[in-house]
There are 2 protein chains.
Amino acid sequence: MGFSIPEVSIRRLSIYLRCLRQALSRGEEWIQSTELARTCGISSSLVRKDLSYFGEFGIRGRGYRVEKLIKAIEEIIGIDEPIKVIIVGAGNLGRALIRHLQEIPYFRVVGAFDKNASKVGSTVSGVRVYPVAEMEKFSRETSPQIAVLAIPPEGLQETVDMVSRAGIRGVLSFALQGIKVPPGVVMNYVEIASEIEFLSYKIKKGSVA
Amino acid sequence: MGFSIPEVSIRRLSIYLRCLRQALSRGEEWIQSTELARTCGISSSLVRKDLSYFGEFGIRGRGYRVEKLIKAIEEIIGIDEPIKVIIVGAGNLGRALIRHLQEIPYFRVVGAFDKNASKVGSTVSGVRVYPVAEMEKFSRETSPQIAVLAIPPEGLQETVDMVSRAGIRGVLSFALQGIKVPPGVVMNYVEIASEIEFLSYKIKKGSVA
DNA sequence: TTGTTTAAGTTATAACTTTCACAAAAACCA
DNA sequence: TGGTTTTTGTGAAAGTTATAACTTAAACAA
Ligand SMILES: NC(=O)c1ccc[n+]([C@@H]2O[C@H](COP(=O)([O-])OP(=O)(O)OC[C@H]3O[C@@H](n4cnc5c(N)ncnc54)[C@H](O)[C@@H]3O)[C@@H](O)[C@H]2O)c1
Ligand SMILES: NC(=O)c1ccc[n+]([C@@H]2O[C@H](COP(=O)([O-])OP(=O)(O)OC[C@H]3O[C@@H](n4cnc5c(N)ncnc54)[C@H](O)[C@@H]3O)[C@@H](O)[C@H]2O)c1
């Protein structure tokens, strides 16, 4: 076959999932690509194309069964089983993330880690904060798949290496820094400042036109 | 001319900015496209291409003057003057964002807004929390450019409309929802769940290969 | 000066992504 | 039952973005 699925398609799947869940909660049993496209703000052919990378999920002339499509996308993404997540850095951001992720049923925040002794032993929404030194041991026992790093850029490289040694292969970082990502680890970044800068540019450009 | 600058290029500019600031803080006066590319994990021709959309900033055979390039990118993005930001929703996330953005010199968090009376009047890192009803008045006096929405999806449409009425044209939302964005408003989203789902897919795919 | 080296800027090509347009399949109706 | 409608799935075209290859300008040394 020799072709790869666009990364943007995967990101869109996760948006479709949100729309589909909303549709389901509104009691809708069927949905068409046009409807899904409209709520996501894209074209219907793109919706169909994205799905077609993974198989045939719809019925021609009818649309997609909402529930079935949700299950299918969950399986594609890999969240048919709850994903175990750890949070590194139990500061303001880390605590907000724990609370947020706890509310999402297909994530399980199994633990938090902090290097500050005063944070260790405390609990955030029922999630225990462990010393970073225990990460490898904890990981052997619990096998989390994802680490979310809510720490300053200073300790980033060291932490990524540690997380990798603990066998965690997916890392989401809130510290943006030129880092050597260990082999086998997939890492991405969220940077609010960049998002605001992007908006700033768009506003500026729009006002000129 | 009839060609548009790719949005991804703008997003990369803001990453270049971070690398450049680091280089500056290390006392480096000059930087080459290869070096900038390496620290950002992309190709050097892409760096040069991105910059070439906006002009000529380097010296052939020499590279880019770090300080000059920072200034140039800041001006392109529109952060040569500090950007005034408001935060809507002074919960866990809102407070974490206030603290984070306060640390970045080219942002000025001028106020926070909450609909919960018990939050109103309090202060987070020196930023005052106002009732949402005062947003328009506040905005007339202070003219913030960007609103960051750290609220649940329920009130999103209403809040976006309010923010738009207040004359704010850039919105960053942490609630992902099929929303009608008022004309003239640029809106984008940050959704940690989507980022983790994306990682989940990549891990899953990697382990099969 | 003049030749050589270096790295930016630019053009051409390749890779990727989206859209278009239509065939195919299911459902519905007379 | 057969024709009509509807909407998916898909191959090809169009459009966009990234990479590679090349050209030009600056700097430096002899
Ligand atoms: N990228 C973004 O969009 C974004 C948004 C908000 C905050 N941030 C950044 O994230 C970081 C955390 O923000 P915060 O508001 O929670 O700060 P904070 O100071 O409240 O919390 C940081 C926590 O991390 C712990 N920590 C520091 N280094 C660590 C390490 N190497 N290992 C384990 N724990 C460690 C500290 O002990 C502290 O508890 C800050 O650097 C902030 O600038 C980024
Ligand atoms: N997208 C993401 O990545 C992400 C990350 C973290 C949290 N969240 C979401 O963001 C929201 C806020 O998270 P949190 O942890 O701060 O919750 P929180 O309950 O601590 O805070 C929410 C605050 O917003 C206020 N609020 C609610 N509706 C409002 C409105 N219409 N106008 C003004 N203020 C309003 C509430 O009074 C409260 O103070 C939650 O829905 C959470 O799920 C999203």
Side-chain angles (χ1 to χ4, degrees), chain A residues 1-16 19-20 23 28-73 76 198 201-202 205, chain B residues 1-16 19-20 23 28-73 76 198 201-202 205:
Chain A
M1 252 183 264
F3 76 96
S4 67
I5 293 152
E7 296 207 340
V8 278
S9 294
I10 310 299
R11 299 196 110 95
R12 279 191 299 262
L13 287 187
S14 117
I15 296 172
Y16 301 158
C19 295
L20 289 166
E28 295 168 24
E29 203 179 337
W30 293 88
I31 196 166
Q32 282 83 51
S33 62
T34 48
E35 164 70 4
L36 198 47
R38 206 173 39 72
T39 53
C40 299
I42 57 169
S43 75
S44 64
S45 52
L46 190 50
V47 170
R48 297 198 299 276
K49 186 62 123 186
D50 283 341
L51 294 173
S52 79
Y53 288 121
F54 299 97
E56 303 193 4
F57 304 105
I59 292 175
R60 296 176 187 208
R62 199 86 163 71
Y64 303 89
R65 267 192 74 93
V66 175
E67 213 162 340
K68 192 187 153 200
L69 189 53
I70 288 175
K71 288 241 172 66
I73 295 178
I76 293 165
F198 180 71
Y201 172 82
K202 298 278 275 187
K205 212 186 68 163
Chain B
M1 243 179 271
F3 76 93
S4 67
I5 294 153
E7 296 206 340
V8 278
S9 293
I10 310 298
R11 300 196 111 95
R12 279 191 299 261
L13 286 187
S14 119
I15 297 173
Y16 300 158
C19 294
L20 289 166
E28 295 168 23
E29 203 180 338
W30 293 88
I31 195 166
Q32 283 84 51
S33 62
T34 46
E35 164 70 4
L36 198 48
R38 204 173 40 70
T39 52
C40 300
I42 57 169
S43 74
S44 64
S45 51
L46 190 49
V47 170
R48 297 197 299 276
K49 183 107 231 200
D50 283 340
L51 294 173
S52 78
Y53 289 121
F54 299 97
E56 303 192 2
F57 305 105
I59 292 174
R60 297 176 185 205
R62 199 82 163 75
Y64 303 90
R65 266 193 72 93
V66 174
E67 214 162 338
K68 192 188 152 200
L69 190 53
I70 288 175
K71 289 241 170 65
I73 294 178
I76 293 165
F198 180 72
Y201 172 83
K202 298 277 277 188
K205 211 188 69 165

Go through the structure and list residues passing side chain to side chain donor-acceptor pair (under 3.5 Å) with Tyr64(B), not counting sequence neighbours.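 None.
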
Can you list everything that forms a side chain to side chain donor-acceptor pair (under 3.5 Å) with Glu35(A)? Sequence neighbours excluded, please.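 Here the qualifying residues are Arg38(A).
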
Can you list, in residue-number order, the parts of residues 54-65 of chain A that come under 4.0 Å of DNA chain C, counting heavy atoms only?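 Nucleic-acid contacts, sorted: Ile59(A), Arg60(A), Arg62(A).
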
For DNA chain C, determine which residues of residues 6-15 of chain B have any heavy atom closer than 4.0 angstrom to one of its atoms, and list them numerically.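 Nucleic-acid contacts, sorted: none.
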
To the nearest 0.5 Å, tell me how far [X] [atom1] sits from [Y] [atom2].
X: Phe54(B); Y: Ile76(B); atom1: CZ; atom2: CD1; answer: 5.0 Å
X: Leu46(B); Y: Leu36(B); atom1: CG; atom2: CG; answer: 10.5 Å
X: Ser33(B); Y: Leu69(B); atom1: OG; atom2: CG; answer: 11.0 Å
X: Tyr53(A); Y: Leu13(A); atom1: OH; atom2: CG; answer: 10.5 Å

What's the [atom1]-[atom2] distance between [X] and [N], to the nearest Å?
X: Leu46(A); N: dT8(D); atom1: CG; atom2: P; result: 14 Å
X: Glu35(A); N: dT8(D); atom1: CD; atom2: P; result: 11 Å
X: Arg48(A); N: dT10(D); atom1: CZ; atom2: C1'; result: 10 Å
X: Leu51(A); N: dT7(D); atom1: CG; atom2: P; result: 16 Å

Results of side chain to side chain contact (heavy atoms under 4.5 Å, CB included) for Ala72(A) - residues two or more places apart only: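 In terms of side chain to side chain contact (heavy atoms under 4.5 Å, CB included), with neighbours along the sequence ignored, Ala72(A) is linked to Phe57(A).
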
Which residues share a side chain to side chain contact (heavy atoms under 4.5 Å, CB included) with Ser45(A), sequence neighbours left out: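 Per chain and number, Ser45(A) pairs via side chain to side chain contact (heavy atoms under 4.5 Å, CB included) with Ser43(A), Arg48(A).
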
Search all heavy atoms of Val47(B) against all heavy atoms of Tyr16(B) and return the closest pair with its distance.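 Where Val47(B) meets Tyr16(B) most closely, the heavy atoms are CA-OH, 3.5 Å.
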
Do you know which two heavy atoms are closest between Arg12(B) and Ile42(B), and how far apart they sit?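 Closest pair (atom of Arg12(B), atom of Ile42(B), distance): CD-CD1, 3.8 Å.
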
Can you check whether Ile73(B) reaches Leu51(B) side chain to side chain, under 4.5 Å on heavy atoms?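 Side chain of Ile73(B) against side chain of Leu51(B), heavy atoms only: contact under 4.5 Å found.
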
Opening and closing nucleotides of DNA chain C in contact with chain B, under 4.0 Å to non-hydrogen atoms: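 Boundary nucleotides touching chain B, in 5' to 3' order, are dT6(C) to dA12(C).
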
Per the end-axis method with five pairs at each terminus, what is the bend angle of the helix from dT1(C)-dA30(D) to dA30(C)-dT1(D), to 10°?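 That helix has its two terminal axes inclined by roughly 0°.
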
Any pair with a residue in residues 56-67 of chain A that passes salt bridge (charged side-chain N to carboxylate O under 4.0 Å, His left out), sequence neighbours left out, goes on the list, sorted by first then second residue, please.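 Applying salt bridge (charged side-chain N to carboxylate O under 4.0 Å, His left out) to every pair that reaches into residues 56-67 of chain A, excluding sequence neighbours, yields Glu29(A)-Arg65(A).
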
Looking at every strand, decide which applies to Ser33(A) at a 4.0 Å heavy-atom threshold: base, sugar-phosphate, or nothing.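 Since only primed, P, OP1 and OP2 atoms lie under 4.0 Å of Ser33(A), the category is sugar-phosphate.
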
Who pairs with Lys49(B) by salt bridge (Lys or Arg N to Asp or Glu O under 4.0 Å), at least two apart in sequence or on another chain?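 Not a single residue meets the salt bridge (Lys or Arg N to Asp or Glu O under 4.0 Å) criterion with Lys49(B).
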
